[in-house]
Each structure stands twice: as C-alpha cells, then as structure tokens.
There are 2 protein chains.
Amino acid sequence: MSERSILLVEDDQNLGFVVKDNLELRGFHVDWARNGEEGLSAYKNKPYNICLFDVMLPQKDGFSLATEIRGLDRQIPILFVTAKGMQEDRIEGFKVGGDDYITKPFSMEELVYRIEVFLKRTSQERQPSRYQLGKFTFDYENLLLIKEEFKQNLTQKEADVLKYFADHTGQVVKRESILKAIWGEDDYFMGRSLDVFISKLRSYLKPDSAIEIANLHGVGFKLILNP
Amino acid sequence: MSERSILLVEDDQNLGFVVKDNLELRGFHVDWARNGEEGLSAYKNKPYNICLFDVMLPQKDGFSLATEIRGLDRQIPILFVTAKGMQEDRIEGFKVGGDDYITKPFSMEELVYRIEVFLKRTSQERQPSRYQLGKFTFDYENLLLIKEEFKQNLTQKEADVLKYFADHTGQVVKRESILKAIWGEDDYFMGRSLDVFISKLRSYLKPDSAIEIANLHGVGFKLILNP
DNA sequence: CAATTTGTTAACGACCTGTTAAAAGCATAT
DNA sequence: ATATGCTTTTAACAGGTCGTTAACAAATTG
C-alpha cells in the first residue's frame with residue numbers, strides 16, 4: 001500500500017477517467033473499479049487509505065458497498081460522491097464513523113482538498129471505539145466487554161488485542177502482525193504471551209457461541225462472527 | 001466576533017492545520033496566523049475570545065506577541081503551546097491572570113477541554129457548576145462537597161480533580177489526561193501527587209457507597225455512580 | 001509417530017497503587 | 001523579617017495487579 005492510495009468506484013467512464021488521472025497527477029495511487037462488485041474484490045485484495053464511491057452505481061450501490069467494506073475495516077474513511085438534490089437524510093445516516101460526501105459537480109481542487117482534510121483528520125482523530133461483537137458490546141476506550149447486564153473489565157492489553165481482532169473481523173491475522181502492532185516486535189516469548197491473551201479472550205467470549213477466535217495452525221488467528 | 005472565536009498563531013503547517021480543522025469541527029471559529037506579526041495584525045483587526053500561541057515562533061516569539069497583545073487588551077486569555085522540557089519559570093513569568101499553557105504533544109481532547117474550561121472561567125455567564133454526585137452536591141465554584149447537613153470544604157486542586165471526574169462520569173480517564181489538564185504536564189511525581197488527591201477524594205466520598213473512584217491498573221481511573 | 005505449534009493454568013516478579021506522614025511551598029498576618 | 005496556617009509535593013512502605021515465563025497437556029502436520 002502506498003502512502004496515499006485510493007479506491008475509486010465510479011461507473012461513469014468520463015468522470016472516472018478524469019478523477020483517476022487528476023488524483024494520480026497529484027501523487028495519489030488510484031485503483032478504479034467500474035462497479036460495486038469489482039470494488040469489493042479490489043478492496044479484499046489490498047488495503048487502501050481512503051475510498052471514493054459514487055453513490056449511484058449499477059447493481060450494488062455505493063452505500064451497500066460501504067456497508068460491506070465497513071464489515072472488513074471499521075476505520076477506513078469513505079468519501080461518497082452524490083448527485084445534487086439527493087435527500088440529505090440518507091447521506092447523513094452514512095456520515096457515521098467519519099464518512100463524508102461531496103456533491104456533483106465538483107472541481108478537482110475541491111475534491112483534493114476534501115481528501116487531504118479527510119486523511120489528516122482521520123489519521124490523528126481517535127477512531128470510534130465501540131464494536132458490536134455478536135451479543136457483546138466492546139467498548140475499547142472504557143476497557144469494557146458488555147453482554148446485557150454483565151460487564152467484564154479488560155486490561156489495556158486485552159483490549160488492544162481484542163480491538164485488533166475487531167478491526168480485522170473475518171480476516172486472517174498473522175501472529176507476526178498482531179505482535180508487531182501491539183508488542184512492537186515478534187519473538188518466541190511474546191508469541192507465547194499472545195497465546196495466553198487469546199486464551200483469556202476466548203474465556204470472556206464464551207457466553208456467545210456465535211463468536212470464535214479460530215487458530216490457523218502455523219499462521220495466526222481469525223475472529224469469526226457467525227450469523 | 002462569534003461566540004467562540006480563537007486566534008491561533010502557529011508556524012508549523014501540519015500542527016496548525018490539524019488544530020484549526022479540529023477546533024472548527026467542534027464549533028469554534030479559528031483564524032490561523034503563521035507568525036507573530038500576522039497574529040498581531042489579525043488581533044488588531046478584530047477581537048477574539050481566546051488566543052492560542054505557540055511559544056516557539058520565527059521572528060517574534062509567543063511571549064513577545066503576548067506582551068504586545070496585552071497592551072491592547074489586558075483581559076484576553078492566552079493559552080501557550082510549549083515544547084516539553086521548557087523551563088517552567090519562563091512560562092510562569094508570563095502567565096498573567098488566567099493565562100495557561102499546554103505542552104506538546106497534546107491530543108485534541110486535551111486541548112478542547114483546556115479551552116472549554118478556560119472560556120467558562122473567563123466568560124461572564126459563569127454557570128453555577130453544581131454537580132449531583134450520588135447523595136453529594138458538589139459545588140465547584142464554592143469548593144464545597146455537601147451531603148445533607150455536612151459540608152466538606154475542598155481545596156482548589158481537589159475541586160479541579162473532582163470536577164474533571166464529574167465531567168467524565170463513567171468514562172475511563174487516563175492518568176495522563178488528568179495530569180495534562182490540571183497539572184499542565186505529566187511526570188512521575190505529579191502522578192504520585194494525583195494519587196494522594198484521589199486518596200483524599202475517596203475519603204470525602206466514603207459516606208456514599210454508591211460513588212466510587214475505581215482504578216484501572218496502568219491506565220487511569222473511572223468515577224462510577226451506581227444507581 | 002516425532003516434531004512443532006497451540007491451549008491452559010499457575011507462579012513469579014516488576015511495576016503500579018493506596019495510604020500516611022513528613023517536608024516543602026505559599027500566602028497572610030504578626 | 002518571621003511566624004502561622006494551609007495546601008501541595010515528596011518520601012516511605014505496604015499491597016495489589018497484570019504481563020511474562022514456565023510447565024505440561026493437547027492438537028496439528030507431515
């Protein structure tokens with residue numbers, strides 16, 4: 001992933017070309033998908049810093065696509081391209097988690113500015129910290145794992161590990177990745193320590209059989225949320 | 001002059017942008033000057049509710065600027081942004097009236113909290129700032145913690161700490177956040193001093209078992225009000 | 001079946017916290 | 001100036017917590 005990579009999903013050939021071309025001129029790396037399906041599989045292939053979705057797309061619209069991508073990464077900032085006159089309420093509903101939108105027609109300067117602001121803001125803003133994990137609500141900031149009446153206090157490190165999984169729900173997470181992200185480096189003992197944490201988290205999550213931290217032997221783990 | 005207008009003088013492009021953008025997101029009006037001269041002429045142009053000056057500026061530094069602006073308005077509250085490790089005495093010397101300072105690096109939450117407290121303190125419509133904490137009434141202005149017949153006098157700092165908790169009831173408050181908000185910075189001894197205050201506050205609050213200042217090991221504290 | 005990886009539990013020890021008391025600051029009155 | 005009374009910081013020590021490590025059982029792989 002380059003420093004500033006963008007996933008553009010736009011069905012209009014002309015607008016798509018112009019946007020991609022201009023953003024690349026300004027130093028962004030842009031992958032351009034023509035429809036929602038293509039966008040989703042591109043996203044699964046590699047991560048991006050920001051998504052730029054036209055709301056009006058054939059088949060899978062921008063909002064549906066956004067919902068699915070949110071399932072893969074709760075953090076990723078999404079900038080919607082909307083047509084003028086669209087009902088504000090529908091857009092507002094999507095402004096959760098730092099999403100934003102830009103209305104057609106727009107100038108390149110405007111778009112680039114919005115992207116810059118967006119990237120800066122999201123890079124230093126504390127990310128939303130409530131996760132829904134099956135029947136549990138995981139409140140990272142307050143180190144709480146809540147199921148109905150019952151509150152389980154977490155330690156900082158337990159919360160860090162669980163957050164890492166929650167941010168990568170359904171994805172394979174390599175031991176190495178978690179260790180580097182949370183412990184800072186990766187050696188045998190830290191690996192064993194991680195196993196102790198996984199064990200603890202599993203015991204916390206036991207009350208909901210729909211959640212599972214699955215091991216992939218020799219690789220890492222995967223947080224699975226069954227429907 | 002809008003209700004909450006801020007003059008920001010900051011030469012660092014990135015920090016300046018981020019601070020301006022974030023404060024605007026939170027409803028402040030921000031004018032951003034890149035150096036002292038620019039700041040001074042902006043100030044002459046229109047009045048502000050609060051000034052936010054980086055101490056280290058090219059040419060005219062934050063203190064000189066402050067001195068000149070004091071010549072125009074002896075009341076205006078000034079919040080200095082200082083680098084860590086700067087000699088306290090130099091800052092102290094410049095702290096006139098209600099001035100204060102914040103040490104880099106700081107989070108937006110910290111900055112906004114400081115500004116809010118600052119504005120509240122200096123604004124005419126001083127709100128009564130009474131809090132209901134279980135069976136206690138906490139009167140911040142008058143430094144009183146009252147339960148039925150019994151009145152406990154608080155010191156200013158005790159009241160500051162308790163107010164910080166009251167403003168964040170039920171939330172995890174990091175040691176670092178309290179220290180930066182109330183002491184100005186965060187070192188080992190200030191941390192221990194905070195512990196002494198917590199201990200004292202706990203003893204004051206003991207008569208009501210529904211209130212608890214809980215410790216989160218290695219993280220901070222949480223004021224819990226049980227129903 | 002042997003080698004390696006993972007799951008689980010318990011013990012250790014570093015570090016963090018609670019509490020009390022003494023020292024240092026600080027403002028006011030003497 | 002010096003004393004006084006109050007607040008805050010520093011010190012000292014007792015306890016507690018949690019991440020790591022160890023130890024062993026169980027699972028996975030080839």
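So that the names make sense, note that chain A is the first sequence line, chain B the second, and so on, each numbered from 1.
Scanning all heavy atoms of the two residues, the minimum distance from B/Gln171 to B/Lys222 falls at O-CG, 3.4 Å. Taking every heavy atom of both residues into account, B/Gly170 and A/Asn142 meet most closely at O-OD1, 4.2 Å. For the residue pair A/Ala214 and A/Ile224, the shortest heavy atom distance occurs at CB-CD1, 3.8 Å.
Checking C/dT19, D/dT8, D/dG19 against every side-chain atom of B/Lys157, the shortest atom distance belongs to D/dT8.
Look at NZ on B/Lys200: it is 7 Å from C1' on D/dT7, rounded to the nearest Å. Look at CG on A/Leu154: it is 15 Å from C1' on D/dT17, rounded to the nearest Å. Rounding to whole angstrom units, CG of residue B/Asp195 and C1' of C/dA21 are separated by 16 Å. We find that CD1 of A/Ile198 is positioned 17 Å from P of C/dT5, with the value rounded to whole Å. The CG-C1' distance, from B/Leu179 to C/dC16, rounds to 14 Å in whole Å. Residue A/His217 contributes atom NE2, which lies 4 Å from atom C1' of D/dT28 at whole-angstrom precision. Taking atom CD of residue A/Gln156 and atom P of nucleotide D/dT17, one finds them 18 Å apart after rounding to whole Å. Taking atom CZ of residue A/Phe189 and atom P of nucleotide D/dT21, one finds them 6 Å apart after rounding to whole Å.
If you check every strand for non-hydrogen atoms under 4.0 Å, A/Tyr188 touches nothing. Using a 4.0 Å heavy-atom criterion, one finds that B/Arg192 contacts the bases of the nucleic acid, with or without backbone contacts as well. Within the nucleic acid shown, B/Asn215 comes within 4.0 Å of sugar-phosphate atoms alone, with no base atom in reach, counting heavy atoms only.
Between B/Phe138 and B/Tyr131, the angle of the ring planes stays under 30°, which puts this pair in the parallel group of the 30/60° scheme.
Contact check, B/Ser199 against C/dT19: a side-chain N or O comes under 4.0 Å of OP1 or OP2. When the side-chain nitrogen and oxygen atoms of A/Thr155 are compared with OP1 and OP2 of D/dG19, one or more of them lie within a distance under 4.0 Å. OP1 and OP2 of D/dG19 both lie 4.0 Å or more from every side-chain N or O belonging to A/Trp183.
Taking for each of B/Val196 and B/Val219 the nucleotide of DNA chain C with the nearest heavy atom, the 5'-most of the two is the partner of B/Val219.
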**Study point:** Intermediate values then yes/no, salt bridge (Lys or Arg N to Asp or Glu O under 4.0 Å), B/Arg192 and B/Asp195
**Key:** CA-CA 5 Å; B/Arg192 291 327 319 274; B/Asp195 287 326; 3.0 Å; yes
